[in-house]
Amino acid sequence: GQQVMQIPQYQHVQEGEDFTTYCNSSTTLSNIQWYKQRPGGHPVFLIQLVKSGEVKKQKRLTFQFGEAKKNSSLHITATQTTDVGTYFCAVPGTYKYIFGTGTRLKVLA
Amino acid sequence: NAGVTQTPKFQVLKTGQSMTLQCAQDMNHNSMYWYRQDPGMGLRLIYYSASEGTTDKGEVPNGYNVSRLNKREFSLRLESAAPSQTSVYFCASSGDRGGEQYFGPGTRLTVT
């Protein structure tokens with residue numbers, strides 16, 4: 001069956017450092033979504049990527065969809081304490097969307 | 001505009017007890033979902049409903065039943081709770097098939 005792997009599982013960074021999380025699929029994807037979940041909160045939709053090689057920016061966040069549409073990345077420039085949380089990718093699967101296991105980001109002030 | 005609401009926020013059950021988790025959305029969405037989230041496991045789909053009157057099993061449906069009462073409401077029932085069902089349960093909705101999902105605040109369930 002389809003598998004989606006997200007790495008790293010955890011990342012601790014100093015405030016101001018950059019952060020990147022990667023999502024890799026075993027199959028070609030029609031699209032990919034990214035969500036953020038603050039500690040104790042619920043997932044919140046960030047973005048959906050559809051086109052091969054697509055790059056989208058939201059302030060300090062840059063999202064990229066691979067040329068082969070099998071992987072994606074989320075990059076945060078100059079992290080802030082407000083970036084703390086878990087970042088999930090979600091890909092279309094048999095049961096609607098399959099969520100990756102997430103990357104938990106901790107930002108040290 | 002409340003979005004997606006869930007009740008209760010917290011619940012403690014004894015093994016074998018039953019309960020229903022309630023979910024409602026006010027965004028006129030067709031699709032609704034129930035997920036469970038366990039530490040290190042991400043979100044796993046329990047059941048979903050693509051439209052009023054239809055429900056389908058997700059990845060982990062055993063031990064659960066659902067009802068799509070109307071377009072707004074989608075409930076999840078545990079008939080005989082087990083400790084393995086200790087988890088955080090999220091309800092979500094989306095307007096289009098494959099569209100962004102809006103999540104409720106979650107129900108934290110402990111089964112002892």
Side-chain angles (χ1 to χ4, degrees), chain A residues 1-11 21-25 27-51 56 58 63 65 69 72 74 85-106, chain B residues 2-7 9-10 21 23 25 27 29-51 54-62 64 66 68 74 87-108:
Chain A
Q2 182 175 23
Q3 295 182 351
V4 54
M5 289 191 58
Q6 206 171 336
I7 54 172
Q9 193 173 0
Y10 302 96
Q11 184 83 58
T21 175
Y22 301 89
C23 186
N24 298 304
S25 170
T27 60
T28 303
L29 303 169
S30 58
N31 65 79
I32 189 165
Q33 297 177 345
W34 285 94
Y35 291 79
K36 176 184 178 182
Q37 183 177 23
R38 294 182 186 274
H42 58 278
V44 174
F45 176 82
L46 293 176
I47 206 160
Q48 178 167 294
L49 304 173
V50 178
K51 297 177 183 177
K56 286 190 175 181
Q58 291 179 352
F63 303 85
F65 203 5
K69 301 182 76 174
S72 179
L74 158 59
T86 301
Y87 293 84
F88 294 97
C89 62
V91 304
T94 305
Y95 304 109
K96 297 303 177 183
Y97 273 82
I98 299 172
F99 281 77
T101 52
T103 296
R104 186 178 298 177
L105 172 64
K106 188 169 184 177
Chain B
V4 180
T5 57
Q6 289 183 240
T7 56
K9 285 191 170 61
F10 301 93
L21 281 64
C23 173
Q25 52 92 8
M27 296 173 282
H29 285 167
N30 285 319
S31 298
M32 296 186 74
Y33 314 84
W34 276 106
Y35 293 91
R36 61 178 289 173
Q37 185 174 38
D38 303 301
M41 295 291 290
L43 290 152
R44 292 184 292 169
L45 185 63
I46 305 171
Y47 271 93
Y48 66 96
S49 171
S51 62
T54 68
T55 60
D56 287 286
K57 294 178 180 179
E59 182 186 357
V60 289
N62 292 343
Y64 305 95
V66 290
R68 183 75 183 265
F74 189 37
S87 190
V88 180
Y89 291 86
F90 288 102
C91 176
S93 70
S94 67
D96 303 316
R97 296 182 67 164
E100 65 179 278
Q101 294 184 43
Y102 294 81
F103 284 80
T107 295
R108 282 147 183 82

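We name chains A, B, ... by the order of the sequence lines, and we start the count at 1 in each one.
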Gly41(A) to Phe90(B) - nearest heavy-atom pair and separation: O-CZ, 3.6 Å

is_close_aromatic(Tyr35(B), Phe99(A)), centroid dist under 6.0 Å: yes

Selection residues 41-51 of chain A - residue pairs positive for salt bridge (Lys or Arg N to Asp or Glu O under 4.0 Å), sequence neighbours left out: none

Atom CZ of Arg108(B): over 12 foreign heavy atoms under 6.0 Å: yes

Least distance between heavy atoms, Tyr35(A) atom then Gln101(B) atom: OH-N, 3.0 Å

Where Phe103(B) and His42(A) come nearest, the two heavy atoms and their spacing: O-CD2, 3.5 Å

From OG1 (Thr101(A)) to CZ (Arg44(B)), nearest 0.5 Å: 12.0 Å

Atom pair CD/NZ of Glu59(B) and Lys96(A) - distance to nearest 0.5 Å: 15.0 Å

Interchain contact, Gln37(A) with chain B, by part (heavy-atom threshold 4.5 Å): side chain

Backbone of Val44(A) reached by a side-chain donor or acceptor of Glu100(B) within 3.5 Å: no

Met5(A) CE: over 12 foreign heavy atoms closer than 6.0 Å: no

Within 6.0 angstrom of Phe45(A) CZ, more than 12 heavy atoms from elsewhere: yes

